[in-house]
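Here it is, the structure in full.
Reckoned from all heavy atoms, side chains included, excluding hydrogens, waters and symmetry mates. Just so it is clear, the model here is predicted, and its values are computed rather than measured.
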Protein chains: 2
Amino acid sequence: MSTARAHSNIAFIKYWGNRNENLRLPVTGSISMNLAGLDTTTTVEFDETLADDRLLLNGEEQTGAALDRVSGHLDYIRAMAGFKQRAYVESENTFPAGAGIASSASAFAALTLAACDAAGLDLDERTLSMTARLGSGSASRSVPGGFVAWWAADRHEDSYAETIAPPEHWDLVDVVAIVSTEHKAVGSTGGHRLAPTSPLQTGRIADAERRLAACRQAILERDFEAFAEVVEHDALMMHAVMMTSQPALIYWTPDTLRLIEAARAWRADGMPVCFTIDAGPNVHLMTPAAYADSVAAMAAALPGVLSVRRADPGGPAHLLVEPR
Amino acid sequence: MSTARAHSNIAFIKYWGNRNENLRLPVTGSISMNLAGLDTTTTVEFDETLADDRLLLNGEEQTGAALDRVSGHLDYIRAMAGFKQRAYVESENTFPAGAGIASSASAFAALTLAACDAAGLDLDERTLSMTARLGSGSASRSVPGGFVAWWAADRHEDSYAETIAPPEHWDLVDVVAIVSTEHKAVGSTGGHRLAPTSPLQTGRIADAERRLAACRQAILERDFEAFAEVVEHDALMMHAVMMTSQPALIYWTPDTLRLIEAARAWRADGMPVCFTIDAGPNVHLMTPAAYADSVAAMAAALPGVLSVRRADPGGPAHLLVEPR
């Protein structure tokens with residue numbers, strides 16, 4: 001029996017579209033920050049008496065697609081370990097479902113660490129990251145700590161994430177402004193498949209190395225103005241591709257656009273804040289820690305904002321030695 | 001002295017970006033419908049006693065950029081006619097400035113017809129269209145009547161607009177939902193210059209012939225479902241390029257997005273309606289005439305909609321024989 005904990009992460013340069021759907025090999029690299037306190041803790045126990053895998057998520061037994069996806073991931077880990085025992089998996093998130101925080105990244109990172117350890121596999125961080133990637137692409141980025149780059153590549157063993165700066169490198173805060181708790185109509189896995197139907201995805205891919213280099217440099221130099229520019233540009237690039245997919249994926253609501261306008265206006269007024277948006281309507285406002293309380297209060301005061309949640313840079317996924 | 005009247009037009013396949021800024025030669029073709037009742041009426045009189053051109057717009061004497069742009073256009077027409085007399089220009093719109101209706105298209109179409117006639121030039125529609133284009137790209141489309149295609153080309157004499165179907169071909173109505181009457185921060189001429197700074201513009205251009213062909217066929221076959229799909233897709237393509245320009249041009253407001261959501265929801269519910277949006281926040285809802293009253297009432301009931309205005313397909317720009 002092994003227990004692991006992983007943080008969710010927020011991408012600054014986005015992952016949207018795969019070159020290989022089965023292996024979740026992305027068309028471009030991406031860069032993210034782990035989110036401390038927005039965690040998944042997962043315990044895995046392989047048990048020869050079990051006929052099927054079982055999954056308890058936030059205390060509720062799962063069946064169907066959720067269980068199938070976890071089982072498929074465990075199959076890969078079982079194949080690496082060379083045994084076929086079914087597993088009992090218990091997983092809990094510190095953030096509610098539908099709160100605008102992607103759960104699959106932290107979930108598959110924690111599952112990978114716990115399952116590999118329970119299976120007796122002693123894997124390095126790189127192998128854990130590429131293994132987590134098979135369950136959920138962005139989970140590869142929740143394995144290393146702090147500010148993270150995930151490499152795009154044609155082969156499984158070349159596409160993994162690694163730390164580009166530790167959590168303490170830059171005191172950035174993610175102030176998540178939640179405007180909707182509804183489940184999205186088209187999830188990320190389905191969305192990635194639609195990415196190539198946009199006539200604009202090719203241009204987004206062709207320009208990716210420039211954005212990745214600019215974002216990495218802005219992080220390394222703690223240059224907020226340069227960071228803000230490339231992060232907003234990249235988020236708009238992804239949503240541009242989404243809304244020109246066929247069918248169109250429009251994840252924004254009027255409240256999303258109000259937050260985009262607000263972040264741009266606040267920054268024009270001298271406040272160091274920028275927005276980024278994942279495949280949903282909620283808005284992540286990035287700001288240095290000294291401004292986080294102000295940004296959170298200003299965001300909470302906007303119409304349509306249901307709640308705000310803040311997260312500092314988080315460390316790597318890790319095994320918990322103490323029992324829970 | 002000559003007087004001409006031209007309609008504004010709404011583009012279904014958009015014009016965004018020039019291959020030649022001076023000649024306003026567009027990077028792609030576009031397709032539009034003239035808007036009956038949203039008109040500019042312009043009188044031009046060349047007068048050898050005038051030291052400078054004069055421009056009266058909706059009763060107000062203009063100076064600066066507005067006058068300079070008109071003077072520059074008159075210079076071209078004077079060069080064609082072979083004389084240098086300055087002109088007195090009086091122009092009136094039937095729609096208020098800042099009401100979400102582009103005025104430069106109808107303005108430069110009417111100015112071109114009136115000035116060429118006053119200068120004694122007897123030009124065919126094609127030449128009038130390419131001449132109007134020099135003043136404002138979309139003005140080329142307000143010269144012919146009904147449903148109009150404007151050809152992209154490398155040479156001045158090959159880039160003009162012509163009718164693809166007369167106004168009576170299809171009883172489409174443009175229900176303009178006005179959410180803002182403010183002047184936009186970046187006008188079309190400046191916006192066209194920013195288009196190539198978006199990494200997505202190349203993909204938008206590469207896919208243009210497909211969209212043009214699909215829109216033309218949908219109009220010729222009066223196939224509303226096919227029309228709606230390509231018109232919305234094309235508008236989203238243009239706004240995708242705008243919002244990924246550097247700097248970003250975000251013309252939408254929360255109210256714009258509410259109308260996008262509404263149009264998509266209404267159509268999903270069986271109402272034949274679709275949206276298109278120019279370089280501004282106001283939303284043009286296209287619908288067959290039988291549904292126009294319903295669409296106008298539904299749009300007017302949405303929060304943030306200040307007013308609605310409807311326009312049927314309009315005829316060509318034309319000289320007025322009677323004095324005003």
Side-chain angles (χ1 to χ4, degrees), chain A residues 28 179-180 185 195-211 214 228-265 267-268 274-275 277 281 302-305, chain B residues 28 179-180 185 195-211 214 228-265 267-268 274-275 277 281 302-305:
Chain A
T28 69
V179 299
S180 169
T197 70
S198 166
L200 307 184
Q201 171 76 336
T202 306
R204 183 181 158 271
I205 295 168
D207 183 64
E209 286 302 326
R210 180 189 67 79
R211 300 194 305 280
E229 200 161 303
V230 71
V231 167
E232 292 189 352
H233 184 55
D234 188 84
L236 292 167
M237 293 273 268
M238 180 176 75
H239 284 271
V241 166
M242 289 166 163
M243 65 179 62
T244 55
S245 296
Q246 299 175 79
L249 295 174
I250 302 183
Y251 285 110
W252 298 353
T253 68
D255 299 320
T256 309
L257 206 60
R258 191 175 296 111
L259 281 153
I260 291 175
E261 285 180 347
R264 286 161 56 90
R267 192 156 85 258
C274 70
F275 68 83
I277 309 166
L302 288 176
V305 175
Chain B
T28 68
V179 298
S180 170
T197 70
S198 167
L200 307 184
Q201 172 76 336
T202 306
R204 183 181 159 270
I205 295 168
D207 183 64
E209 286 303 325
R210 180 191 67 78
R211 301 193 305 280
E229 200 161 304
V230 71
V231 166
E232 291 190 352
H233 184 55
D234 188 84
L236 292 168
M237 293 272 268
M238 180 176 74
H239 284 271
V241 166
M242 290 166 162
M243 66 179 63
T244 56
S245 296
Q246 299 174 79
L249 295 174
I250 302 182
Y251 286 110
W252 298 353
T253 69
D255 299 320
T256 310
L257 206 60
R258 191 174 297 109
L259 281 153
I260 291 174
E261 284 179 349
R264 286 161 55 91
R267 191 157 84 259
C274 69
F275 68 83
I277 308 166
L302 289 176
V305 174

Exercise for review: Specify which of Gln201(A), Gln246(A), Arg204(A) makes the most heavy-atom pairs with chain B at under 4.5 Å.
Suggested key: Gln246(A)
Practice item. Check Ala240(B) against Ala240(A) and note the closest heavy-atom contact, atom names and distance. Key: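 Taking every non-hydrogen atom into account, CB-CB, 3.4 Å.
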**Study point:** Under 4.5 Å from a heavy atom of chain B, the part of Glu232(A) involved
**Key:**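 Nothing of Glu232(A), per the 4.5 Å heavy-atom cut-off to chain B.
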**Study point:** Proximity breakdown for Ala206(A) and chain B, heavy-atom pairs closer than 4.5 Å
**Key:** neither
Exercise for review: Can you measure from OG1 (Thr244(A)) to CG (Leu200(B)) and round to the nearest 0.5 angstrom?
Suggested key: 7.5 Å
Exercise for review: Look at Val241(A), Asp207(A), Asp255(A) and state which one has the largest set of heavy-atom pairs under 4.5 Å with chain B.
Suggested key: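 The candidate making the most pairs under 4.5 Å is Asp207(A).
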Review point. Can you say whether Ser198(A) sits under 4.5 Å from chain B via the side chain, the backbone, both, or neither, judging by heavy atoms?
Key: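 It is neither, since no heavy atom gets under 4.5 Å.
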Point to revise | Minimum heavy-atom distance Thr253(B)-Glu261(A), with the two atoms named | key: CA-OE2, 3.5 Å
Revision key, fill the gap. Output for pair (Thr197(B) OG1, His233(A) NE2), nearest 0.5 Å, gives 8.0 Å
Point to revise | Among Pro199(A), Gly203(A), Gly304(A), residue most engaged with chain B (heavy-atom pairs, under 4.5 Å) | key: Pro199(A)
